[in-house]
Amino acid sequence: MSTANGQQTIIAPSILAADFSALGAEVGAISDAEWVHIDVMDGHFVPNLSFGAPVAKSLIGKTEQFLDVHLMIEDPQRWVKEYTDFDNVTFHVEAAGGVEESVALARALRAAGTKAGVSVKPNTPVEPLLEHLAEFDLVLVMSVEPGFGGQKFMPEVLDKVRALRERIDAEGLETLIEIDGGIGPETAVQAAAAGVDVYVAGSSVFGKEDRNQAIGEIRAAAEANAGA
């Protein structure tokens, strides 16, 4: 669903919260989701280590869902070439070195045939990116500190979402706004009202017995409040 201003509702369960020993089955259990979110952590940019390109690539061809990679790694310029087979690759502006470096990296990703996203931590301002939104296919606003699952949603980051929504709509851009951290039906209500398009959900999906029911609950909450 999309609203009059172009806001969409896309659910992207994060396999960081899945059972890695049965990853194929876990992805099969989220068949109602439009996207699959793949969190890559290096143990440097964020304290935790998840998995790298080989495990992530094991999902290519196993599902028709949009594969959305989130690189929580240092020096993304060095490693993004390993991920250009995915549908979207998001890196952190903090890790890239700034806005100019992020624009250059996004252009390189697009030239390689994938969509490009940029992410900001909770304490990183979004204003420096506002003049460059056409360079990115999505902006991922972290609503928790990156690197750990199960954290509490930080509502103060929604001011960034509102600023992004206002600029995207004013310029008629197709850039999506994604949010990641503490997302479930209750927080999806707030995020949708602020202008989010893509909802990354971890334990609120994979922590439930019926994953598709959980996805449906988040989607219903978001759609009912989009653009509110």
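The side-chain hydrogen bond (donor to acceptor under 3.5 Å, both in side chains) search around Ser204 returns none, not counting sequence neighbours. Considering only residues two or more places apart in sequence or on other chains, His70 meets the ring-ring contact (aromatic ring centres under 6.0 Å, His included) condition with His37, His92.
Atom CD of Glu166 has 12 or fewer neighbouring heavy atoms from other residues, nucleotides or ligands inside a 6.0 Å radius. For Glu64, the CD atom is loosely surrounded, since the number of other residues' heavy atoms within 6.0 Å does not exceed 12.
Annotation: the span from Ile177 atom CD1 to Tyr199 atom OH amounts to 9.5 Å, rounded to 0.5 Å. For the atom pair NZ (Lys115) and OG1 (Thr90), the distance works out to 11.5 Å, reported to the nearest 0.5 Å. Atom CG in Leu164 sits 11.5 Å away from atom CG in Leu176 (nearest 0.5 Å). To the nearest 0.5 Å, atoms CG (Asp180) and CZ (Phe153) are separated by 11.0 Å.
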Can you list, pair by pair, the side-chain donor-acceptor contacts under 3.5 Å of residues 186-196, counting residues two or more places apart and other chains?
| from | atom 1 | to | atom 2 | distance (Å) |
| --- | --- | --- | --- | --- |
| Thr187 | OG1 | Gly182 | O | 2.8 |
| Thr187 | OG1 | Gly184 | N | 2.9 |
| Thr187 | OG1 | Gly184 | O | 3.3 |

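Contact detail for Pro76 and Phe91: the closest heavy-atom pair is CB-CB, 3.9 Å. The minimum heavy-atom distance between Ser14 and Asp39, with the atom names listed, is OG-OD2, 2.6 Å.
At a cut-off of 3.5 Å, with distance as the only test, a side-chain donor of Asn212 or Ser31 sits close to an acceptor on the other residue.
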